[in-house]
Q: 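Sharing a structure, written as structure tokens. Questions coming.
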Protein chains: 2
Amino acid sequence: MAVRGAVPEVIWARPERTGRGPKPAYTRDDIAAAAVRIADAEGLDAVSMRRVAAELGCGTMSLYNYVPRKEDLYELMVDAAGGEHAPWEPSGDWRADMRRVARQTRELMHRHPWLPRLMSPVYGFSPNALRYLEHCLACLDPLEERYGTKLELIAMLNGMVTTYVRNELDTAERVRALPWSEDEENAARIAYLGSRIATGAYPRMAAAFTEDAGPIDLEAVFERAVERVIDAFAPR
Amino acid sequence: MAVRGAVPEVIWARPERTGRGPKPAYTRDDIAAAAVRIADAEGLDAVSMRRVAAELGCGTMSLYNYVPRKEDLYELMVDAAGGEHAPWEPSGDWRADMRRVARQTRELMHRHPWLPRLMSPVYGFSPNALRYLEHCLACLDPLEERYGTKLELIAMLNGMVTTYVRNELDTAERVRALPWSEDEENAARIAYLGSRIATGAYPRMAAAFTEDAGPIDLEAVFERAVERVIDAFAPR
DNA sequence: CCCTCACTAAGTACAGCGTACGTAGTAGCC
DNA sequence: GGCTACTACGTACGCTGTACTTAGTGAGGG
């Protein structure tokens with residue numbers, strides 16, 4: 001007589017349908033789509049078991065027949081988002097393909113701003129993650145390196161893109177819960193930063209901020225970072 | 001008559017002591033230290049306003065006199081951890097100094113496994129973050145590049161280290177709440193991965209995993225990644 | 001054919017969370 | 001000395017994840 005849930009299980013190993021009993025009212029995709037819809041519209045914090053169940057139109061506890069823990073719901077969401085990755089026939093130019101991968105991932109994360117926060121290596125085995133990984137490896141066929149190196153390249157590129165987009169979106173996502181706007185939050189922080197720098201305690205930072213007062217070109221910074229990661233693995 | 005908390009404020013801009021009234025029983029450092037102690041010992045999820053107040057030995061709501069929102073408590077924690085960064089006199093060899101910075105950050109995060117999860121650019125203005133940033137810039141004095149480039153290097157190195165350590169620690173941290181061990185969790189996932197690969201749908205991944213079945217040398221992977229980031233900014 | 005039993009569905013309940021609000025007491029300033 | 005800003009903190013509300021329970025359903029085995 002095992003204690004309920006005492007055995008570790010991967011949600012993907014669970015069959016969606018077992019022979020007996022009435023057939024489930026929802027598919028895993030239905031549930032993931034509902035959760036993604038809520039997160040896109042109202043932010044990740046709005047995704048609760050109750051809210052997702054309501055979105056589906058079923059009782060809260062019925063959800064637990066499909067998703068044993070909330071953590072697994074997150075895993076479904078990440079996989080669903082990963083399903084939007086559209087693979088293509090590798091071009092033979094692995095550099096160009098990697099650039100395209102990076103840009104596609106960034107766009108995906110802009111479409112689903114909660115995604116960077118949920119990204120975890122733990123979710124790396126989901127069906128769409130595997131599909132994505134295999135596609136990246138296919139793109140890297142022309143790169144004459146060991147698979148270990150290729151995996152390191154993919155991990156580093158992914159990590160960099162995730163970190164980068166997180167920096168782009170984090171304030172916007174976190175400010176949802178606050179009674180003031182993102183601009184006000186930023187203004188308050190910049191003002192404080194200015195007052196600190198004015199003390200003269202940080203001469204190099206002061207120089208950095210006076211060097212170029214113009215607005216930062218996020219697009220260009222991103223492209224540069226991608227190029228650097230690529231070059232780091234195969235200098236020209 | 002302003003609505004309470006309707007004006008954005010940075011916790012660091014709040015004076016710790018205003019003239020009037022009885023003198024506060026705790027300093028900001030006391031509070032941060034208590035929260036860090038709890039997070040180190042019981043994991044980040046154990047850090048609640050009630051728990052921290054209990055650790056300090058005061059009523060729950062008294063904490064709100066020091067920390068207007070829980071978010072700010074997190075900010076205090078990150079800054080406190082950042083205070084453990086021990087700066088040194090730049091050696092003149094910026095590459096060596098950057099390696100040392102990366103290693104020190106990694107050690108810091110191993111000491112405080114909750115830190116990667118809390119890392120956010122939003123906290124980049126805290127006193128210790130500023131101190132750290134200035135130190136990095138000082139180490140980069142010999143690198144003949146614009147400040148913009150130097151900041152990009154620091155951001156990329158930091159981001160890479162954070163992502164990397166997160167990958168190292170995430171499963172361990174997340175498994176705290178579960179009724180099984182990290183090893184069991186990993187075993188379940190690896191087993192599932194094996195079953196997927198056995199289908200033959202992922203030939204390149206299959207090749208990658210048969211190429212080298214030995215245990216991964218995390219230390220070596222980390223050092224390689226650091227070297228790559230450094231080289232990406234100043235190829236030799 | 002029908003009985004059995006695995007399964008779905010959903011309600012109730014509990015412990016814990018962040019925090020708004022109100023009240024009581026304290027100490028520096030005019 | 002009193003005004004007043006401040007600290008301290010108990011109560012309460014709405015929310016969370018989820019354990020447990022009960023009722024109903026429908027395919028498989030005899």
Side-chain angles (χ1 to χ4, degrees), chain A residues 1-7 9 11 14-28 30-31 35 38-39 42-77 174 176-179, chain B residues 1-7 9 11 14-28 30-31 35 38-39 42-77 174 176-179:
Chain A
M1 179 173 158
V3 179
R4 178 177 164 136
V7 166
E9 55 179 348
I11 181 120
R14 265 192 166 214
E16 275 217 63
R17 176 91 170 92
T18 53
R20 293 287 251 282
K23 107 163 181 275
Y26 313 100
T27 67
R28 226 168 251 167
D30 291 337
I31 295 168
I38 295 167
E42 303 165 46
L44 184 58
D45 291 340
V47 176
S48 70
M49 296 302 274
R50 278 171 239 264
R51 184 74 184 70
V52 172
E55 178 85 10
L56 286 168
C58 72
T60 303
M61 294 317 289
S62 307
L63 244 192
Y64 281 89
N65 288 318
Y66 302 85
V67 177
R69 283 162 296 117
K70 187 173 186 202
E71 192 66 29
D72 293 309
L73 180 61
Y74 286 150
E75 196 155 348
L76 290 187
M77 290 174 69
R174 99 187 313 125
R176 283 185 113 117
L178 270 33
Chain B
M1 177 174 154
V3 178
R4 178 176 164 142
V7 167
E9 54 180 348
I11 182 120
R14 267 190 166 217
E16 275 216 64
R17 178 87 170 93
T18 54
R20 295 285 253 280
K23 107 160 182 277
Y26 312 100
T27 67
R28 224 168 252 167
D30 291 337
I31 295 168
I38 295 166
E42 303 165 45
L44 184 58
D45 291 340
V47 176
S48 70
M49 295 301 275
R50 278 170 237 263
R51 184 76 183 70
V52 172
E55 178 86 11
L56 286 169
C58 72
T60 304
M61 294 315 290
S62 307
L63 245 193
Y64 281 90
N65 288 319
Y66 303 85
V67 176
R69 283 163 294 118
K70 190 180 184 194
E71 192 66 30
D72 293 308
L73 180 62
Y74 285 149
E75 196 155 349
L76 290 187
M77 291 173 69
R174 98 185 315 124
R176 283 186 114 117
L178 269 34

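All heavy atoms count here, side chains included; hydrogens, waters and symmetry mates do not. Proteins get letters first, then strands, A, B, ... in listed order; numbering begins at 1 in each.
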Q: Is any side-chain N of the basic residue among B:Arg176 and B:Glu42 closer than 4.0 Å to the acidic one's carboxylate O?
A: no

Q: With nearest nucleotide decided by heavy atoms, which residue, B:Pro22 or B:Arg50, maps closer to the 5′ end of DNA chain D?
A: B:Pro22

Q: How long is the gap from CG on B:Asp72 to CZ on B:Arg14, to the nearest 0.5 Å?
A: 7.5 Å

Q: Can you tell which of C:dG18, D:dC9, D:dC20 lies closest to the side chain of A:Met61?
A: D:dC20

Q: From OH of A:Tyr64 over to C1' of C:dA13, roughly how many Å is that when rounded to an integer?
A: 14 Å

Q: Just the rounded figure in Å: distance from P of D:dC6 to CZ of B:Arg14.
A: 10 Å

Q: Quick check for you: to the nearest 0.5 Å, what is the distance between B:Ile38 atom CD1 and B:Arg51 atom CZ?
A: 4.5 Å

Q: Please confirm whether the backbone N or O of B:Tyr26 pairs with a side-chain atom of B:Tyr66, one donor and one acceptor, at under 3.5 Å?
A: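 Such a contact is found between B:Tyr66 side chain and B:Tyr26 backbone.
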
Q: In whole Å, I'd like the distance from the CG atom of A:Leu44 to the P atom of D:dT16.
A: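 Roughly 13 Å, once rounded to whole Å.
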
Q: Using a heavy-atom cut-off of under 4.0 Å over every strand shown, decide if A:Ala25 touches base, sugar-phosphate, or nothing.
A: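 Touches sugar-phosphate only.
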
Q: Report the distance from atom OH of B:Tyr74 to atom C1' of C:dG18, rounded to the nearest whole Å.
A: 10 Å

Q: How many whole angstroms separate atom CG of A:Leu73 from atom P of D:dT16?
A: 13 Å

Q: Find the distance B:Leu56:CG to D:dA8:C1' and express it as a whole number of Å.
A: 13 Å

Q: Mapping A:Lys23 and B:Met49 to their closest nucleotides on DNA chain C, which lands nearer the 5' end?
A: A:Lys23

Q: Given 3.5 Å as the limit, does a donor-acceptor pair link the side chain of A:Glu55 with the main chain of A:Ala35, or not?
A: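 Such a contact is absent between A:Glu55 side chain and A:Ala35 backbone.
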
Q: Given atom CG of A:Asn65 and atom C1' of D:dC20, what is their separation to the nearest angstrom?
A: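 Value for this atom pair: 13 Å.
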
Q: Given C:dA10, is OP1 or OP2 found less than 4.0 Å from the side-chain N or O atoms of A:Ser62?
A: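 So the side-chain polar atoms of A:Ser62 do come within 4.0 Å of the phosphate oxygens OP1 or OP2 of C:dA10, strictly under.
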
Q: Does D:dA8 have OP1 or OP2 sitting under 4.0 Å from an N or O in the side chain of B:Tyr66?
A: yes

Q: Using the side-chain heavy atoms of B:Pro24, tell me which of these nucleotides is nearest: D:dT7, D:dG17, C:dG18.
A: D:dT7

Q: In whole Å, I'd like the distance from the CZ atom of A:Arg51 to the P atom of D:dG17.
A: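 My rounded result for the distance is 12 Å.
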
